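See structure below.
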Amino acid sequence: MPWTIDDKFRVPGNEEIVAFVERHPTLSAHGDVAGLLTGSAEGLRGAGRYCPDLHAYAYMALYTMQRTIFAVAYGMSALVYRIPKGSVPSALAEGAAVCHEIGDAWVDFGGVGFGGRVDLRRWCRIAYEGAVASEKRI
């Protein structure tokens, strides 16, 4: 089933992720990867969750109060956070991989996020804080 992204997310800063979703309108997310994503955001005040169809296992995204998407879960294991460029080398050192299909600031922890091998809450917080900081520059 094809899903679109809600128009409320067509804001400055979301161009890459909106284009990615539009290129892949049938993105789904396994319940385990969506659960890891939402669990990584626990305690982040102001972080929202978006899923175009929760019951059909559509992709899951996290966003700020200004609607900037900073993380997304899709497929069987993709757990992707948009982090500040200066943090990318540290993410790679922990086993993440750049998700070039979305953009160079998007890193996928899906290969190492299962089993607690990395602190996903830390990376989610870094992504969230980076997104909020970027909104102040717009």
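Remember, it's a predicted structure, so these values are computed and weren't measured experimentally. Counting begins at 1 with the first residue of the sequence.
The closest side-chain heavy-atom distance from T4 to P25 is not below 4.5 Å. Side-chain contact between D6 and P52 is absent, with no heavy atoms from C-beta onward closer than 4.5 Å. The shortest side-chain heavy-atom distance between V72 and I102 falls under the 4.5 Å cut-off.
In plain terms, the two heavy atoms of E16 and W106 that are nearest each other are OE1-NE1, 3.2 Å. Smallest separation of non-hydrogen atoms from C99 and V80: CB-CG1, 4.1 Å. Pairing each heavy atom of A73 with each of A29, the nearest pair is O-CB, 3.6 Å. Residues A96 and L92 come closest through the heavy atom pair O-CD2, 3.3 Å.
W123 and V88 fall within the same hydrophobic cluster, where Ile, Leu, Val, Met, Phe, Trp and Tyr residues are linked whenever their side-chain heavy atoms come under 4.5 Å apart, directly or through other members. A single hydrophobic cluster is not seen to contain both L44 and M65; linkage of ILVMFWY side chains at heavy-atom distances under 4.5 Å, directly or through other members, places them apart. The hydrophobic cluster containing Y50 does not contain V11, counting ILVMFWY residues as joined when their side-chain heavy atoms lie under 4.5 angstrom apart, directly or transitively.
Qualifying ring pair (Phe, Tyr, Trp, His ring centres under 6.0 Å) partners for H30, counting only residues two or more places apart in sequence or in other chains: none. Residues meeting the salt bridge (Lys or Arg N to Asp or Glu O under 4.0 Å) test with E15, sequence neighbours left out: none. Residues satisfying the salt bridge (Lys or Arg N to Asp or Glu O under 4.0 Å) test with R122, not counting sequence neighbours, are E94.
S40 contributes atom OG, which lies 6.0 Å from atom CG of L62 (distance to the nearest 0.5 angstrom). The distance from the OH atom of Y59 to the SG atom of C51 is 8.0 Å, given to the nearest 0.5 Å. Taken to the nearest 0.5 Å, the CD atom of E129 stands 12.0 Å off from the OG atom of S134. Taken from CD1 in I126 to CZ in R121, the straight-line distance is 14.5 Å, to the nearest 0.5 Å. Separation of atoms CG (L36) and SG (C124) is listed at 11.5 Å; rounding is to 0.5 Å.
For residues 67-92, the set of pairs meeting the salt bridge (Lys or Arg N to Asp or Glu O under 4.0 Å) definition, not counting sequence neighbours, is empty. Residues in residues 24-40 take part in no salt bridge (Lys or Arg N to Asp or Glu O under 4.0 Å) pair, two or more places apart or across chains. For the ring pair (Phe, Tyr, Trp, His ring centres under 6.0 Å) condition, the pairs that include at least one residue of residues 75-101, sequence neighbours left out, are Y81-F109.
Checking side-chain atoms of S87 against main-chain N and O of I83 turns up no donor-acceptor pair under 3.5 Å. Of the possible donor and acceptor atoms, none in the side chain of Y63 sits under 3.5 Å from a partner among the backbone N and O of A71. The backbone N or O of L79 lies less than 3.5 Å from a partner atom in the side chain of D108, making a donor-acceptor pair.
When each of F20, Y57, W3 is tested with Y74 by the rule ring-ring contact (aromatic ring centres under 6.0 Å, His included), just one qualifies, namely F20. The only member of N14, V21, T68, I17 that meets side chain to side chain contact (heavy atoms under 4.5 Å, CB included) when paired with F9 is N14.
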Subject >> Trace of the side chain to side chain contact (heavy atoms under 4.5 Å, CB included) decision for E135 with T64 >> reply: CA-CA 9 Å; E135 293 167 348; T64 68; 2.3 Å; yes
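The residues R10 and E22 are annotated as salt-bridged, a charged nitrogen and a carboxylate oxygen being separated by less than 4.0 angstrom.
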